[in-house]
Amino acid sequence: MKKTAVITGGAGGLGQALSAALCEQGWHTVLIDLAGPELDKLVNGKNTSAYACDLTKPDQCAATCEDIVRKRPSIDLVIYNAGVSQISAFADSDMKTHRDLFEINYFAAVECAKHFLLPIRLSKGTHLAVSSVAGFAPLLHRTAYAASKHALEGFFKSLRAEEMAHGVHVTIAAPSFVATNIGQPQAAEKGFVRPGSATDGVDYMEPNDAARIILDGIQKQRDFVPVGRIATLSSVMNRIAPKFYFRQMMRTIGKD
């Protein structure tokens, strides 16, 4: 019987890479994303199924998660990968956009986690939250994004403590810059930008390389997986020398 991995943001570059790698390992992947041609072309009845869903709509989210649980023999891994970014100074942003970003990056993940909580307990499976370097360290011109990823990490770290007794593992992956939308910086309706499209990024990784590191971390049941050289260095520097990290971040990201 194939194990099942649910991936939110499954039509994005990292979501596709994670799905492809898991399918190669014999998993069935269930992709959740907004409706569109990117999602439609990924459907494969044998290895991959897909659901068009706006996860910020509680009724849609509940119906989608319930249908997945009903149709799959088990839910063994849920990857909370859906997310957007916003690159602007706080002085130039508005509170509605700040809240809307939280709906996507934080509340949608929490909503899904609630629906998959019991199925993951039954399989003694894994919750994987895809965070960011901005989830544990400051990042210029990304106040709302960093706040949402800090909140995401706080939730899943605390969930880990609650679910250990059920044999469930919780992993947090923190990529730095993954080249998922280079050359496609188009802003969405609310001013959000696609992940991986930032022009101020450094040392971009390919999605397939990021997926390999993340899945290796899951297999080894690591609590925290820094993804890539920049993420690994940032994690160490921010922990032992936060002022030095801050200066380096400003020197690199704040070039203008």
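Every heavy atom of this structure was used, including side-chain atoms; hydrogens, water molecules and symmetry mates were not. Small disclaimer: the values here were computed from a predicted structure and weren't measured.
Side chain of Ser123 to backbone of Ile120: a donor-acceptor contact under 3.5 angstrom is found. Checking side-chain atoms of Asp76 against main-chain N and O of Thr4 turns up a donor-acceptor pair under 3.5 Å. With hydrogens and angles ignored, the 3.5 Å screen pairs no side-chain donor or acceptor of Asn81 with any backbone N or O of Val130. Arg160 places a side-chain N or O within 3.5 Å of a backbone atom of Val170 that can act as its donor or acceptor partner. At distances below 3.5 Å, not a single donor-acceptor pair connects side-chain atoms of Ser235 with backbone N or O atoms of Thr232. With His169 contributing its side chain and Gln221 its backbone, the two residues share a donor-acceptor pair below 3.5 Å. Judged by distance alone, with hydrogens and angles left aside, the side-chain atoms of Arg121 form no donor-acceptor pair with the main-chain N or O of Pro119 at under 3.5 Å.
Of the inter-residue distances, the one linking Ile218 atom CD1 with Leu18 atom CG reads 7.5 Å to the nearest 0.5 angstrom. Note that OG of Ser132 and CD1 of Ile172 are 12.0 Å apart. Values are rounded to the nearest 0.5 Å. One finds the OG atom of Ser93 at 10.5 Å from the NE2 atom of His141 (value rounded to the nearest 0.5 Å). Rounding to the nearest 0.5 angstrom, the gap separating the CD atom in Gln60 from the SG atom in Cys53 is 5.0 Å. In this structure, the separation between CG on Asp54 and CD1 on Ile32 is 11.5 Å, given to the nearest 0.5 Å. Note that OG of Ser49 and NZ of Lys71 are 8.5 Å apart. Values are rounded to the nearest 0.5 Å.
Between Pro138 and Asn238 there is a side-chain heavy-atom pair separated by less than 4.5 Å. Residues Asn105 and Leu152 fail the side-chain proximity criterion, which asks for heavy atoms closer than 4.5 Å. For the pair Leu128 and Val225, the minimum side-chain heavy-atom distance is 4.5 Å or more. A heavy-atom distance below 4.5 Å is found between the side chains of Arg142 and Ile253. A heavy-atom distance below 4.5 Å is not found between the side chains of Thr171 and His127. Looking only at side-chain heavy atoms (C-beta outward), Ile214 and Ile79 stay at 4.5 Å or farther from each other. By the 4.5 Å heavy-atom criterion applied to side chains, Glu111 and Leu55 are not counted as neighbours.
With hydrophobic clusters built from ILVMFWY side chains whose heavy atoms lie under 4.5 angstrom apart, Leu118 does not share a cluster with Val6. Both Met250 and Leu139 belong to a common hydrophobic cluster when Ile, Leu, Val, Met, Phe, Trp and Tyr are linked at side-chain heavy-atom distances under 4.5 angstrom. Note: the hydrophobic cluster containing Phe116 also contains Val110 (ILVMFWY, side chain heavy atoms under 4.5 Å, direct or indirect links). In the hydrophobic cluster analysis, where Ile, Leu, Val, Met, Phe, Trp and Tyr join through side-chain heavy atoms closer than 4.5 angstrom, Trp27 is grouped apart from Val43. Both Leu215 and Leu31 are members of a single hydrophobic cluster when ILVMFWY side chains are connected at heavy-atom separations under 4.5 Å.
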Show your reasoning for whether side chain to side chain contact (heavy atoms under 4.5 Å, CB included) applies to Ile213 and Met205.
CA-CA 11 Å; Ile213 293 170; Met205 294 184 66; 3.6 Å; yes
Apply the test side chain to side chain contact (heavy atoms under 4.5 Å, CB included) to residues Lys3 and Leu77: give CA-CA distance (whole Å), side-chain angles for both, the deciding distance (0.1 Å), then the verdict.
CA-CA 8 Å; Lys3 288 186 175 182; Leu77 169 65; over 6 Å; no
Start with the C-alpha distance between Thr143 and Gln86, add both sets of side-chain angles, then the distance that settles side chain to side chain contact (heavy atoms under 4.5 Å, CB included), and finish with yes or no.
CA-CA 8 Å; Thr143 47; Gln86 182 192 27; over 6 Å; no
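Of all heavy-atom pairs spanning Thr29 and Ser19, the tightest one is OG1-OG, 2.8 Å. Across Cys65 and His115, no two heavy atoms sit closer than the pair CB-CB, 3.6 Å. For Lys149 against Gly135, the heavy-atom pair with the smallest separation is CB-CA, 3.5 Å. Heavy atoms only, all atoms of each residue included: Cys61 and Cys112 are closest at SG-SG, 3.7 Å. Contact detail for Val133 and Ser234: the closest heavy-atom pair is CG1-CB, 4.0 Å. Scanning all heavy atoms of the two residues, the minimum distance from Leu101 to Ala144 falls at CD2-O, 3.6 Å.
Using cut-offs of 30° and 60° on the angle between ring planes, the pair Phe136 and Phe224 is perpendicular. In this pair, Tyr106 and Phe155 present their aromatic rings perpendicular. The plane angle is above 60°, beyond the 30 to 60° band. Ring orientation note: the planes of Phe107 and Phe102 are tilted relative to one another, at an angle of 30° to 60°.
For CD of Gln219, the number of neighbouring non-hydrogen atoms (other residues, nucleotides, ligands) closer than 6.0 Å is 12 at most. In this structure, Lys2 places its NZ atom where more than 12 heavy-atom neighbours from other residues, nucleotides or ligands lie under 6.0 Å away.
Between Tyr51 and the choices Thr8, Asp67, Asp33, Thr64, the side chain to side chain donor-acceptor pair (under 3.5 Å) rule is met once, by Asp67. Considering Leu122, Val78, Leu159 as possible partners of Leu117, the one that fulfils the side-chain contact (heavy atoms from CB on, under 4.5 Å) test is Leu159.
Salt bridge absent: Asp216 and Arg212 never bring a charged side-chain N and a carboxylate O closer than 4.0 Å.
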